[in-house]
Enquirer: 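Before we start, here is the structure in question, set down as structure tokens.
Counting begins at 1 with the first residue of the sequence. Just follow the structure's listing: the first ligand is 1, and inside any ligand the first atom is 1. Because the structure is a prediction, the values reported are computed rather than measured. Side chains included, hydrogens not; waters and symmetry mates left out as well; all remaining heavy atoms used.
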Amino acid sequence: MIVRFRDKEYAAPDGSVSFFDFLKGLGAFDKEIIAVKTGGELLDLSSPLREGSLEPVYINSAEGTHILRHSAAHVMAEAVKELFPEAKVTIGPAIETGFYYDFDYEPGFTEEDLPRIEERMQAIIDKDIPITRRVVPKKEAVELFHGMGEPFKVELISAIPDEQVSLYTQDGFTDFCRGPHLPSTGRIPAFKLLSLAGAYWRGDEKNKMLTRIYGTAFPSAEALQEHLKFLEEVRKRDHRRLGRELDLFSISDEVGAGLVIYHPSGALLRYILEDFEKKEHLKRGYQFVIGPQILKVDLWKKSGHYENYRENMYFTKVDDVEYGLKPMNCVAHIMVYKSQIRSYRDLPLRYFELGTVNRHELSGVLHGLMRVREFTQDDAHIFCRQDQLHDEINSIASFVADVMGIFGFDYELEISTRPKEHFIGRIEDWDKAERILKSVLDDRSIPYDINEGDGAFYGPKIDVKLKDALGRKWQCATIQLDFALPERFDLHYTDKDSRRKRPVMLHRVILGAMERFIGILIEHYAGRFPLWLSPLQVLILTITDEQAAYAEELRQMLADADIRVEVDGRNEKLGFKIREGTMRKVPYMLILGRKEAETRTISVRGRDGAEMKGVSAAEFIERAKEENTSRR
Ligand SMILES: [Zn+2]
Ligand SMILES: [Zn+2]
């Protein structure tokens, strides 16, 4: 057989030669190679050589690291079985940044077990035990795992259609797995167990709750350390934790999963964002509209939501008529369009609403503010002529660029095209829409990726993925083109030639869901919002009661200048008050003592600890106003 490797062809013998033997024979093997890829398939180094082009897989490549992590999951399972023989093994895949393994273990594991398991894993790694593969008839594998008392494995193997299954063994530990794996346990350079979680068998809440152990592994100790530092930063910035510390919001079982209550500071933050949004929309020629929370089911049938989105909707009956709670704001905006006869001169019409929607998301995907069941979108629908489409999409792209710039976000764009099933409208309209979206981005010279088949059911879209301070990507703004709803609701306008024509509709959000965007902002700024977004901008601290009158006078001056200010006039030590203000991450603390009151000045303490003494109130207000309006 012929094997192609690094642009050369080799005649290789059929039979017992492995990939490893072949590479070694050529002098092309090094320790960083842990598997091979041929014919698009990843295989063990020990697998028999195959015809075709051969590519070595290095441990520090994406595929190599995936294999490393999956192998670390096996080593973890072996360690757990040695320490807790009663634990039953289930599944243990590699995931994006690590791996996990789910165990059925009645007492459950605790955080204290993790170092013990790590220690045992290290011992297995130090022994450098070969990881070997063998293929056996399915029946034999079922009997094997049945004999080992592993019912979950028996269930998994029984469910697959294949006649033969592959097993991987290291030491006395055997797992049912497709592979490939590292050649031996000693090839795991660096790993760490991270956390525990509950997980239902096969992800179904009707099934048994298992214990999941998360871990990660990296090709080098340095890369692992860097990742652990990143995780620590993520933990420190977690919006659920900061949300509690800054008393911004709460989500509780008592109220209901995925339902947010904004506390005073959080509600203020949201109003600040909403004010900003309203002004920006008015500036750009949008009109405000407001629709109801529930609309008759007939409208949802007409819109296609009932057919395509029903599982995510809530329904209720009023006077024996069925209503649907809105999962999107489109329908009411369409009714506004339909309320009058429209001429070509009226277009484009841009309707904006801070629209609250309800969607039934599965409880397992809910996550703080990032994924909730009720949220408010900065939603707009633009009705325009075909010939206006390009300009409208272009001005939305500018809008996105302006707003992302204000928050300091870089972003990437993706165009999502027609889904394979579950779409409404004509294929030629979809093709046309996709061409227009691409041409706008091409004209702006913005690079983008294509997400084949990932469009909404009513049209293709541009998704904006912003990158936060930690380099994580979040999907926020979208621009969705829609040829279908105007048709379903029979929208039209009278054109120049007096003929009735169909408008095109654009659905778009800039920040997306306010809840999610606030969650992202909290993590992006680590709770240290820029002045213009800070719920409390200035905290006045008195040193003794004698400064109370001056503090009140100053508070009034700042409030009159539209600066959000509070006075901490409590009879507490200054150090204590400063510590509290620091915890609240207030941008400026103004410290008033006897000297300041006498000289009518203030001492300004910035959030970074920098202090300025002897500043006049007028000077401080001027600077704060400037910082506020420039949104630095
Ligand atoms: Zn495996
Ligand atoms: Zn819409």
Enquirer: What about the rings of H70 and H74, do their centers lie closer together than 6.0 Å?
Expert: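 Yes, close enough.
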Enquirer: Please walk me through it: do Y105 and F84 pass ring-ring contact (aromatic ring centres under 6.0 Å, His included)?
Expert: CA-CA 8 Å; Y105 180 56; F84 309 90; 5.2 Å; yes
Enquirer: With 2.8 Å as the limit, jot down which protein N, O or S atoms are around the Zn ion (ligand 1).
Expert: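 N, O, S partners closer than 2.8 Å: H70 NE2, H74 NE2, C177 SG, H181 NE2.
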Enquirer: Would you please say whether a donor-acceptor pair under 3.5 Å links the side chains of T376 and R270?
Expert: yes
Enquirer: Keeping waters out of it, list the protein N, O or S atoms under 2.8 Å from the Zn ion (ligand 2).
Expert: C330 SG, H381 NE2, H507 ND1
Enquirer: Would one find more than 12 heavy atoms of other residues, nucleotides or ligands at under 6.0 Å from atom CZ of R178?
Expert: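 At most 12 heavy atoms, drawn from other residues, nucleotides or ligands, come within 6.0 Å of this atom.
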Enquirer: Is the ring centre of Y306 less than 6.0 Å from the ring centre of F315?
Expert: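 Between Y306 and F315, the centre distance is under 6.0 Å.
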Enquirer: Can you tell me how far apart SG (C384) and CG (D346) are? Round to the nearest 0.5 Å.
Expert: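 If we round to the nearest 0.5 Å, C384:SG and D346:CG are 13.0 Å apart.
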Enquirer: Would a distance-only check, ignoring hydrogens and angles, find a side-chain to backbone donor-acceptor pair under 3.5 Å from S166 to C177?
Expert: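 Yes, because the side chain of S166 sits within donor-acceptor range (under 3.5 Å) of the backbone of C177.
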Enquirer: Strictly by modelled atom types, are Y200 and R202 linked by a side-chain donor-acceptor pair under 3.5 Å?
Expert: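 The criterion, which ignores hydrogens and geometry beyond distance, is not satisfied for R202 and Y200.
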Enquirer: Closest heavy-atom contact between P327 and M313?
Expert: CG-CG, 3.6 Å
